[in-house]
Q: 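Pasting in a structure now, in structure tokens, and then I'll have a few things to ask.
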2 protein chains.
Amino acid sequence: MATIGDVAKAAGVSRSTASYALSGKRSISPEVVSKVMAAVEALGYAPNAGARALATSQTMVLGLLVQFLQDEFAPAMLQYMLGVADVARELGYDILMVTEPDGARALKRITDQRMVDGVVLLNVADDDDRLPVLRAAPQPGALVGLPLDCTGLDVFDLDFAEAGRMMVDHLAGLGHREAVLVLQPEHVLVRGGGYVRRLRDAAVEQAAVRGLLLHVEHGESQQPAVGAHLVDLLDRYPQATGLLLHNEAAAAALPSVLNARGLQAPRDLSVVGRYSDEFARTFSLPYSSIESAPDRLGRLAVRQLVRRIEDPTSQEPYVVRLLQPELVDRGSTAAPQA
Amino acid sequence: MATIGDVAKAAGVSRSTASYALSGKRSISPEVVSKVMAAVEALGYAPNAGARALATSQTMVLGLLVQFLQDEFAPAMLQYMLGVADVARELGYDILMVTEPDGARALKRITDQRMVDGVVLLNVADDDDRLPVLRAAPQPGALVGLPLDCTGLDVFDLDFAEAGRMMVDHLAGLGHREAVLVLQPEHVLVRGGGYVRRLRDAAVEQAAVRGLLLHVEHGESQQPAVGAHLVDLLDRYPQATGLLLHNEAAAAALPSVLNARGLQAPRDLSVVGRYSDEFARTFSLPYSSIESAPDRLGRLAVRQLVRRIEDPTSQEPYVVRLLQPELVDRGSTAAPQA
DNA sequence: CCTAGTCTTCGAACCGGTTCGACGATCACA
DNA sequence: TGTGATCGTCGAACCGGTTCGAAGACTAGG
């Protein structure tokens, strides 16, 4: 494989001149530049990433830490990843994907060894054990998911509290007086999934304000338990005219459950979910939902991360950006029947 | 950040001695080894990946080339990726994930720049434009997906022809005389998705052998077209008692379609799919199916790839391994009603 | 007592880039 | 005609590891 030394020799110049001709960091005469370019072409030269990383202490690689936790919905994670990968490439970075269960150790490894210039953490929990490692690392990091303590980090997430309020307002505004809120499994909350708590608490509070009787339930995440649980809920709350779903698996399972009972939304039940449009299309879900915008979050996180990488001296304060949720109307809600 | 020079100084030895103490490639006295270890611990030393890559010409990173093509089912891809990532880490490798639409160029970039020690290609098409690049690269590669020309590469895939035969045999064996086979969209075949062709041709041939009247149809991949198409099929082939699905989106959409018509499997229709068990659980699909074992394929590919990386002189012949499909019985087939 | 061999350790070179300081040539200006 | 910039290029050092050859100390054997 050709090195820059070979290129220099072929062009009849020194290594440093070849380097400057390629980088443009010093002025080099046009003739020399074109001779160097010709040599590059002829030899098929490509700079060695390791050598360049050593010399510049930049790898042009971003770490992407994903965790595929039991009880969380894997396909949803993919959308964050794709957003991240997309915009990273646009900005000239490659992605080192790390899926190890022990995220803290993996993070320590890739930052200590200088494999990456920065890191994006997905699936951040309230009290995520990766955060102390990230704060101690010399590379900057960006989070997708809001932890309890955000100091020293750029954080991006959906405003789940606002999402909870929106769902409640939407149903209350249509005149509903009783509804059921199906959350992620309790598991997820206990493990530190703060987004579940934030949506729940805000929904409960807003329900009180609007005079909506709201039954809060933790759902399941795997079939057939998801379906059975939904059936059970329909039995237990026969008065409820609204259903709020903060649980992908439950949303995906709902059509069959309603079908089996001969129920239709919005005729018999108004339904509002919280999932991405992409998800809705994949599962052909006919329910209005609050868009969770995973790819947008991933993109924002990378953009901010790269800004920090490329201007390390910047005193720009750390951001905690909570995206304003939007309700996508798919016509699954209406005023309750008299 | 501490370098090996700092470690050496702290331990009172030369850099080379420190290196040998850590790698164990030459015998070093136990006292010196423990002094070096202590220094490593005290300084929090971790070797710089770039420097090590430069010196050893090994990056301990594998490239993973994924393509998220329109009309192909994205969540299915995730499972291949997870299998690959898992076993790579077990073997000490990290994963550089590349999702660029122009896979050939991306592959050239990461191999030319020596960012990876080897490459796994997912989603390989009949006449994949990444293959010439891979064959010309100095690093070995492994494919998941069978192209037309396998020379010089290790290839892993499900035996789709056998899968087609198995589906047909299963229904024919139960006494069915007429069935519909729903394939991936024609798009996928035209683009070079050989697995569609292989399954189809084998199914058609076996249907002739077994005297089964088989209607071959290309399905859709997005809602609501998928569902509409299934409805249309039920109308067009009222005599068919069997349904074969080689199309994830169609499988996912089928429950609602059957429900809406008041049909049940296997009472009214025998159904056999071709998707992974993981997929079946996620979508709570009650249909028997041929397991496509994506994570197993990913794991096999990485194991073989790493074997090649670690023994580059090996004359071991290239393998083309087609996994024997297995039918997972979920009770959705029965003898046709008289 | 001398020599050959073993065990540890060290110094130097190398991997392939980037970058700094210096140097010679050219040019404008006094 | 001498002086000071400016331009283009080169050599050398450096990034942080690994590895080879050699050298010194010590041991064993003749």
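In the text below, chain A, chain B and the rest are named by the order of the sequence lines, each starting its count at 1.
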Q: When A/D159 is tested against each of A/L146, A/L322, A/L323 for side chain to side chain contact (heavy atoms under 4.5 Å, CB included), which residue passes?
A: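 Of A/L146, A/L322, A/L323, side chain to side chain contact (heavy atoms under 4.5 Å, CB included) with A/D159 is met by A/L322 alone.
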Q: Please state whether the phosphate of C/dT19, meaning OP1 or OP2, lies under 4.0 angstrom from any side-chain nitrogen or oxygen of A/K25.
A: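 So the side-chain polar atoms of A/K25 do come within 4.0 Å of the phosphate oxygens OP1 or OP2 of C/dT19, strictly under.
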Q: Can you list, in residue-number order, the parts of residues 54-61 of chain A that come under 4.0 Å of DNA chain D, counting heavy atoms only?
A: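 Within this stretch, A/L54, A/A55 sit under 4.0 Å of the strand.
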Q: Return each pair, listed once, that meets salt bridge (charged side-chain N to carboxylate O under 4.0 Å, His left out) where at least one residue sits in residues 133-151 of chain B; pairs must be two or more places apart or across chains.
A: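 Qualifying pairs, neighbours excluded: B/R135-B/D149.
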Q: Mind checking B/T3 for me? I need base, sugar-phosphate or nothing, with any heavy atom below 4.0 Å counting as a touch.
A: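 Answer is sugar-phosphate: B/T3 comes under 4.0 Å of backbone atoms only.
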Q: With a sphere of 6.0 Å drawn around CZ of A/R308, does it hold more than 12 non-hydrogen atoms of other residues, nucleotides or ligands?
A: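 Above 12, so yes.
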Q: Is any side-chain heavy atom of A/L134 closer than 4.5 Å to a side-chain heavy atom of A/L107?
A: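 Of all side-chain heavy-atom pairs linking A/L107 with A/L134, at least one is under 4.5 Å.
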Q: How close or far is atom C1' of C/dC14 from atom CD1 of A/I4, stated in whole angstroms?
A: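 Value for this atom pair: 17 Å.
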Q: When you check the side-chain N and O atoms of A/S14 and A/T17, is any donor under 3.5 Å from an acceptor?
A: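 A donor-acceptor contact under 3.5 Å links the two side chains.
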Q: Can you give one letter per nucleotide of nucleotides 6-13 of chain C, going 5' to 3': B for a protein heavy atom under 4.0 Å from the base, S for sugar-phosphate only, - for none?
A: --SBBB-B
Q: In Å and rounded to the nearest 0.5 Å, what is the CG to CG distance from A/D128 to A/N123?
A: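 So the gap between those two atoms works out to 8.5 Å.
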Q: Could you give the distance from CG (B/L65) to CE (B/M97), rounded to the nearest 0.5 Å?
A: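 These two atoms lie 11.0 Å from each other.
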Q: If I take atom CG in residue A/D6 and atom P in nucleotide C/dG16, what distance separates them, rounded to the nearest angstrom?
A: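 It works out to 9 Å between those atoms.
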Q: Round to a whole Å and report the spacing from CG of A/N48 to P of D/dC15.
A: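 From A/N48 CG to D/dC15 P: 18 Å.
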Q: Checking A/K35 now: which residues fulfil side-chain hydrogen bond (donor to acceptor under 3.5 Å, both in side chains) with it, not counting sequence neighbours?
A: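 None.
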Q: Using the C1' atoms of five pairs at each end, what's the angle between the two axes of the helix from C/dC1-D/dG30 to C/dA30-D/dT1, to 10 degrees?
A: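 The angle separating the two end axes equals 60°.
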Q: Can you pull out every side-chain hydrogen bond (donor to acceptor under 3.5 Å, both in side chains) where at least one residue sits in residues 82-103 of chain A? Sequence neighbours excluded, please.
A: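 Checked against side-chain hydrogen bond (donor to acceptor under 3.5 Å, both in side chains) - neighbours excluded - the pairs reaching residues 82-103 of chain A are A/E90-A/R299, A/Y93-A/E310, A/D94-B/R109, A/E100-A/R109.
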Q: For a side chain to side chain contact (heavy atoms under 4.5 Å, CB included) check, start with the C-alpha distance between B/L122 and B/L64, then their side-chain angles and the critical distance, and finish with the verdict.
A: CA-CA 8 Å; B/L122 296 187; B/L64 174 61; 3.9 Å; yes
Q: To the nearest Å, give me how far apart CG (B/L22) and C1' (D/dT19) are.
A: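 Whole-Å distance recorded here is 15 Å.
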Q: CD of A/Q113 to OG1 of A/T111: how many Å apart, nearest 0.5 Å?
A: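 Reported value, rounded in 0.5 Å steps: 9.0 Å.
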Q: Whole-Å distance between C/dG17 C1' and B/Q113 CD?
A: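 In whole Å, C/dG17 C1' and B/Q113 CD are 12 Å from each other.
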Q: Return the value, rounded to whole Å, for the distance between atom CZ of B/R114 and atom P of C/dG17.
A: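 My rounded result for the distance is 10 Å.
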